[in-house]
Amino acid sequence: MTEGRDAAERPPAGVAGRTYPPVTFEIEPERVAAFARAIGADPTRGVPPTFAAVYALGVTAPQLFGDSEAAVDFAKLLHAEQEFEWDRHPQVGEKVVSHGRVASDVSRRGMRFVAFETATNDAGGKPICQSRALFVIRR
Amino acid sequence: MSKRLVTFDRAMIAAYAEASGDLNPIHLDDDFARTVGLPGVIAHGLLQMGILAVVAEEAAGGRPLRRLACRFAGVVEPGDTVAFVAEPAGPGKLALRAVNQRGQPVLTKAAAEYL
């Protein structure tokens with residue numbers, strides 16, 4: 001694993017407040033049906049609520065993980081908590097736009113806690129979903 | 001009350017990995033999982049949360065969920081059987097839980113709200 005900083009003496013300053021460029025994602029019917037089957041939902045009943053794990057968190061978290069300045073060690077990452085709030089659920093075939101943001105980034109007792117939020121809007125800019133993930137990174 | 005008993009297996013975890021795009025090898029590769037201190041591959045927390053949401057929707061009578069939250073508190077391995085339960089907790093609110101075959105909670109602080 002990369003160990004480029006003197007973490008023992010000085011915890012990283014963190015990247016709280018950092019935002020990432022918006023990501024557009026099309027809610028494709030085949031993808032929705034496969035996701036529904038994978039969680040035991042009825043694939044004929046539209047977009048399962050937690051498909052937000054794909055269209056919101058799934059498209060934006062890689063921006064955080066790929067950000068070398070954020071320095072999130074994927075091999076030591078735990079997804080500790082998750083919350084989704086919906087204004088509405090998207091329709092199959094719809095295009096949505098997700099904005100990822102580091103809400104907080106705190107290190108204590110050898111653990112780093114990164115709260116990562118994603119706001120997903122429809123093509124007209126109206127809100128669809130807010131995702132709040134808490135990642136814990138062990139040292 | 002709505003309830004589902006789900007026994008996890010590798011095929012189910014792999015299907016969720018593919019469908020969700022979360023291909024982290026801790027869900028797919030036993031050898032890799034052991035290198036990060038796990039007993040072997042584990043189920044995605046979001047797979048558990050997805051099943052919990054299906055049970056919550058049943059308990060909500062098909063009305064759309066407005067909010068869903070949980071803490072990923074325990075590891076779920078292939079062969080584990082988890083009971084996912086949703087119970088009314090006031091108007092528009094559900095208390096949720098997921099407990100494995102040893103009685104250990106795997107999702108905690110779990111709750112949903114619906115319209």
Side-chain angles (χ1 to χ4, degrees), chain A residues 1 23 25 28-43 45-62 65 72-91 127-138, chain B residues 4-8 11-27 32-33 35-38 42-58 60 62-75 84 107-115:
Chain A
M1 299 303 115
V23 183
F25 180 82
E28 294 175 330
E30 301 79 17
R31 191 89 193 267
V32 169
F35 186 91
R37 284 192 295 271
I39 60 169
D42 180 349
R45 285 207 51 216
V47 180
T50 66
F51 195 63
V54 177
Y55 69 71
L57 180 63
V59 300
T60 52
F65 302 149
V72 172
D73 186 343
F74 200 63
K76 296 180 180 171
L77 179 85
L78 283 171
H79 190 176
E81 294 178 20
Q82 179 64 42
E83 177 181 14
F84 296 114
E85 272 190 271
W86 296 273
D87 287 85
R88 68 174 177 88
H89 298 282
Q91 303 286 311
I128 287 185
C129 179
Q130 286 277 341
S131 160
R132 297 181 193 91
L134 178 65
F135 297 117
V136 178
I137 302 117
R138 294 169 289 145
Chain B
R4 271 193 197 198
L5 270 181
V6 177
T7 300
F8 287 75
M12 186 190 300
I13 297 168
Y16 184 81
E18 184 154 343
S20 69
D22 182 346
L23 299 169
N24 187 325
I26 62 171
H27 307 300
F32 179 86
T35 65
V36 297
L38 294 167
I42 60 167
H44 304 71
L46 286 166
L47 166 56
Q48 302 166 49
M49 193 180 193
I51 297 166
L52 191 68
V54 173
V55 176
E57 284 185 298
E58 285 171 7
R63 281 166 297 227
L65 298 187
R66 294 256 337 183
R67 178 177 173 272
L68 176 68
C70 69
R71 174 176 286 183
F72 304 115
V75 160
F84 295 89
L107 302 176
T108 59
K109 296 194 168 182
E113 293 171 26
Y114 57 93
L115 275 181

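A, B, ... follow the sequence lines: proteins, then strands. Residue 1 opens every chain.
For the pair Arg66(B) (side chain) and Glu85(A) (backbone), a donor-acceptor distance under 3.5 Å is absent.
Distance check: Arg31(A) CZ to Glu18(B) CD gives 9.5 Å after rounding to the nearest 0.5 Å. Note: His89(A) NE2 to Leu65(B) CG = 5.5 Å, rounded to the nearest 0.5 Å. From Glu81(A), atom CD reaches atom CE of Met49(B) across 10.0 Å, with rounding to the nearest 0.5 Å. For the atom pair Arg67(B) CZ and Phe84(A) CZ, the distance stands at 12.0 Å (nearest 0.5 Å).
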Open item on the list: Run Asn24(B) and Leu77(A) through side-chain contact (heavy atoms from CB on, under 4.5 Å) and show every step you take.
Closed with: CA-CA 11 Å; Asn24(B) 187 325; Leu77(A) 179 85; 5.6 Å; no

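Within residues 107-115 of chain B, no residue has any heavy atom under 4.5 Å from a heavy atom of chain A.
Interface remark: Arg37(A) contributes no atoms to any contact with chain B (heavy atom separation under 4.5 Å). The contact between Glu57(B) and chain A is made entirely by side chain atoms (from C-beta outward), counting heavy-atom distances below 4.5 Å. Heavy atoms closer than 4.5 Å to chain B are found in the side chain of Arg45(A), but not in its backbone. Contact of Leu78(A) with chain B is not made at all, since no heavy-atom distance falls under 4.5 Å. The contact between Ala41(A) and chain B is made by backbone and side chain atoms together, counting heavy-atom distances below 4.5 Å. Both the backbone and the side chain of His79(A) come within contact range of chain B, judged by heavy atoms closer than 4.5 Å.
Ranked by heavy-atom pairs under 4.5 Å with chain A, the first of Gln48(B), Met12(B), Glu58(B), Arg4(B) is Arg4(B). Your options are Cys70(B), Ala53(B), Gly37(B), Ala15(B), and the one with the most heavy-atom pairs under 4.5 Å with chain A is Cys70(B). Between chain B and the residues Pro49(A), Ala34(A), Ala33(A), the largest count of heavy-atom pairs under 4.5 Å involves Pro49(A). With chain A as the partner, the residue from Ser20(B), Gly21(B), Pro25(B), Gly62(B) showing the most heavy-atom pairs under 4.5 Å is Ser20(B).
Shown here for Ala53(A) and Tyr16(B), the closest heavy-atom pair between the two residues is CB-OH, 3.9 Å.
Considering only heavy atoms from C-beta on, Ile39(A) comes within 4.5 Å of Val54(B) through its side chain.
The side chain to side chain contact (heavy atoms under 4.5 Å, CB included) test with Leu46(B) singles out one residue from Val54(A), Thr50(A), Leu57(A), and that residue is Leu57(A).
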